[in-house]
There are 2 protein chains.
Amino acid sequence: MYQPLHQFKAEFFKALGHPLRLVILEQLVTGEKSVTDLQAALGVDQSSVSQQLAILRTRNIVDTRKDGTTVFYRLRDPLIAELLELARSIFNNHLIDTQAMLQQLATTDT
Amino acid sequence: MYQPLHQFKAEFFKALGHPLRLVILEQLVTGEKSVTDLQAALGVDQSSVSQQLAILRTRNIVDTRKDGTTVFYRLRDPLIAELLELARSIFNNHLIDTQAMLQQLATTDT
DNA sequence: ATCAAATATATAAATATTCATATATTTGAG
DNA sequence: CTCAAATATATGAATATTTATATATTTGAT
């Protein structure tokens, strides 16, 4: 239906298009983390974290390393951190301009 | 349910997560285009283009300029072009590693 | 005022995603 | 071999997105 490459790129962005997955990736920007680490840091249950990690794995956005019974996740490519940082710049520049959004930003960290 | 900022960022990436919307954005990287321009360049019907443009507008990813009866669309922020370019680098680096994908790339342009 | 061109919106069926809950799997310790 | 810890997967109902088709709206020309 569409060119496979565009389909593929779309899948990549779709994988980033989820709040919990974004938070997970932000955690991974600072280095590899186990599922338990993420679960604790984000305050969500194990199953939800694993579910979203599975999606990031499928899309080749994260990589895993297994040590005993714990699995460590990391960004597959440091450029993904850059991408997230660039996205942050875009938000800061232009995209957030409704009053409601500004208000949210005033009380929330980036 | 989630922090509004993360929700907002997710919406941004979700908006990029669609093949036709990506192709539209790639067109806009080279400068502003009317709906008719896009329609012709992409070979899709008017309604589909407008529908997808509406989504990009809603998410503040594109901006419009009206001249008579034609509407010109452009990227809202040049950083969006950078983001797409960075995404391309990521694909070229790592993300495309299945045999099927390499095969597709060999016969398709980026 | 009417018409045609350009663009936008409405609708709804098909499809995909989300999210909570339950259950499996894998691994090392004892 | 059994158990518990850590992680993954299955399931399905609720919700959201996609996509095709039809219809509106807006604008400038005549």
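A, B, ... follow the sequence lines: proteins, then strands. Residue 1 opens every chain. Only this structure's heavy atoms are used, side chains among them; waters, hydrogens and symmetry mates stay out.
- A side chain to side chain contact (heavy atoms under 4.5 Å, CB included) with B:Leu75 is found for exactly one of B:Leu83, B:Asp63, B:Leu28, namely B:Leu28.
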Using a 4.0 Å heavy-atom cut-off, write out nucleotides 11-17 of chain C from 5' to 3' as B (base contacted by protein), S (sugar-phosphate only) or - (no contact). ------S
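- A 4.5 Å side-chain heavy-atom check between B:Leu22 and B:Pro19 finds every atom pair outside the cut-off.
- Put simply, CG on A:Asp45 is 16 Å from P on C:dT18, counting in whole angstrom units.
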Trace of the side-chain contact (heavy atoms from CB on, under 4.5 Å) decision for B:Tyr2 with A:His18: CA-CA 10 Å; B:Tyr2 291 104; A:His18 186 283; 3.6 Å; yes
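- By the rule that hydrophobic residues join a cluster once side-chain heavy atoms approach within less than 4.5 Å of another member, B:Phe72 and B:Leu56 end up as members of separate clusters.
- A:Phe72 comes within contact range of no nucleotide atom at all, as no heavy-atom separation falls under 4.0 Å.
- Within the 4.0 Å cut-off from OP1 or OP2 of C:dT9, at least one side-chain nitrogen or oxygen of B:Arg57 is found.
- Taking 4.0 angstrom as the limit, A:Tyr73 places none of its side-chain polar atoms (N or O) nearer than this to OP1 or OP2 of D:dA6.
- Counting heavy atoms from C-beta outward, B:Val44 and B:Gln39 have side chains that stay 4.5 Å or more apart.
- B:Leu38 places its CG atom 10 Å from the P atom of C:dA8, with the value rounded to the nearest Å.
- Between the CG atom of B:Leu20 and the P atom of D:dT17 there is a distance of 16 Å, rounded to whole Å.
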Does the side chain to side chain donor-acceptor pair (under 3.5 Å) test come out yes or no for B:Gln51 and B:Ser47, once each step is laid out? CA-CA 6 Å; B:Gln51 279 177 342; B:Ser47 209; 4.5 Å; no
Distances under 3.5 Å only, N/O to N/O: pair up the protein atoms with those of nucleotides 23-30 of chain D.
| residue | atom | partner | partner atom | Å |
| --- | --- | --- | --- | --- |
| D:dT26 | O3' | B:Lys66 | NZ | 3.4 |

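- Distance, B:His6 NE2 to C:dT18 C1': 18 Å, rounded to whole Å.
- OP1 or OP2 of D:dT18 has not a single side-chain nitrogen or oxygen of A:Tyr2 nearer than 4.0 Å.
- Among the heavy atoms of the strands lying under 4.0 Å from A:Ser50 is at least one base atom, whether or not backbone atoms are also near.
- Between A:Glu26 and B:Lys9, at least one side-chain N (NZ, or NE/NH1/NH2) sits under 4.0 Å from a carboxylate O, which counts as a salt bridge.
- Residues forming a salt bridge (charged side-chain N to carboxylate O under 4.0 Å, His left out) with B:Arg57 (at least two apart in sequence, or on another chain): none.
- As rounded to whole Å, 17 Å separates atom P of D:dT17 from atom CD of A:Gln7.
- Side chains of A:Leu25 and A:Leu16 form a contact here, defined as non-hydrogen atoms less than 4.5 Å apart.
- Per the geometry, NZ belonging to A:Lys33 stands 14 Å off P belonging to D:dT7, to the nearest Å.
- The nearest whole Å value for the distance from the CZ atom in B:Phe13 to the P atom in D:dA16 is 21 Å.
- Across the protein-nucleic acid pair, A:Asp37 atom CG and D:dT7 atom C1' stand 13 Å apart, rounded to whole Å.
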